[in-house]
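Sequence lines set the chain letters: A, B, ... in the order given, protein chains first and strands last, and positions in each chain run from 1. Please read these numbers as outputs of a predicted model, since none were measured by experiment.
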There are 2 protein chains.
Amino acid sequence: MNYTNEILEECGLTSAQKILSGKWSMRIILFLLEKPMRFNEIQRLFPDITHATLTKQLRLLEDYGIVVRNVHSQIPPKVEYSLSDIGKKLKPILNSVMAWGDEYKEYQKDSTTFKHS
Amino acid sequence: MNYTNEILEECGLTSAQKILSGKWSMRIILFLLEKPMRFNEIQRLFPDITHATLTKQLRLLEDYGIVVRNVHSQIPPKVEYSLSDIGKKLKPILNSVMAWGDEYKEYQKDSTTFKHS
DNA sequence: AGCGTTAGTATGCAATTGGATACTGGAAAG
DNA sequence: CTTTCCAGTATCCAATTGCATACTAACGCT
């Protein structure tokens, strides 16, 4: 064991954890990996997210440098969201997280264990 | 684009997101990947986590089926935490998350961009 | 004139998450 | 006889996260 808590802070795990742990972060990034999208286009993908919440999440990802916001000065406004270079590099991670999640769900289905009451 | 929000729910991304997004989840799993550990042993690794919080986090991971709790009936008590099979399969994910995070930190260091005030 | 479209902001609230603190109990060490 | 170690539980509080709702503004369509 070579890690200490300080080293964990220095290494990227903690930064990555903060960025990826938002409720919508991974889902948004997953879609943006396919193509840049406009605000309402993203919102249509997630019926459960409100306008204001999506704005916040996108601003957060923008502040982290994962998402790039491209404003076209038009009326009606057009704002395109895409991934930065470092954001695009999340692709293999998201793919393996999805794959793991699928396996996990299978695993859960098979098991007869229930949560302790 | 083949995903809809419903498909996202069906696919494993959402489950995985819930499990991995706890503040301490990834860090705990990272250490348990190396070897099973006792409660206090884990706590010593994280000076910032309190007793009660660690208990909660471990119970959560146990409920999710990621962590296995092995109680040895002794005085003083000895409880060993280890990873389940599906938990162990998170190893490549954690490794790539760490690698990405390191790259991200480098990226941040180099860039002269600051957050918009 | 009024509605829909675009991409927001502002404000307040609810839920969830995580932390602080105090308590348990039994054995061993000093 | 008191303290330490072990692994907790209980309760309450603080911070963060996410949601609901109402508002803006400029243009096109009917």
At a 4.0 Å cut-off to heavy atoms of chain B, the contacted part of DNA chain D spans D:dC6 to D:dA10
Would you kindly say whether A:Y107 and A:E103 are connected by a side-chain donor-acceptor distance under 3.5 Å? no
Taking any heavy-atom pair under 4.0 Å as a contact, classify B:Q57: base, sugar-phosphate, or nothing. sugar-phosphate
Please check this pair: side chain of A:Q17 against backbone of B:G22, looking for a donor-acceptor N/O pair closer than 3.5 Å. yes
Taking for each residue the nucleotide of DNA chain D bearing the nearest heavy atom, is the 5' side occupied by B:V79 or by A:H51? B:V79
Within the distance-only criterion (no hydrogens, no angle test), does the side chain of A:D102 pair as donor or acceptor with the backbone N or O of B:G12 below 3.5 angstrom? yes
Using the criterion of both pairing distances under 3.5 Å for Watson-Crick and G-U wobble pairs, give all stems of 3 or more consecutive pairs involving DNA chain C. C:1-30 with D:1-30
Donor-acceptor pair, side chain of A:S84 and main chain of A:I66, under 3.5 angstrom: yes
Between A:Y104 (side chain) and B:G65 (backbone), is there a donor-acceptor pair under 3.5 Å? no
So which one's nearest nucleotide on DNA chain D is more toward 5', A:K56 or A:P77? A:K56
Could you tell me whether a side-chain N or O of A:Y81 sits under 3.5 Å from a main-chain N or O of A:E62, the two making a donor and an acceptor? no
Quick one: does A:W24's side chain have a donor or acceptor within less than 3.5 Å of a partner on A:L58's backbone? no
Return yes if some donor-acceptor pair links the side-chain N/O of B:S25 with the main-chain N/O of B:S21 below 3.5 Å, else return no. no
Which is the 5'-most and which the 3'-most nucleotide of DNA chain C that has an atom under 4.0 Å from a heavy atom of chain B? C:dG18 to C:dA27
Between A:E41 and A:R44 (salt bridge meaning N to carboxylate O under 4.0 Å), is one present in this structure? no
Would you say A:L32 and A:I42 make side-chain contact, with heavy atoms under 4.5 Å? yes
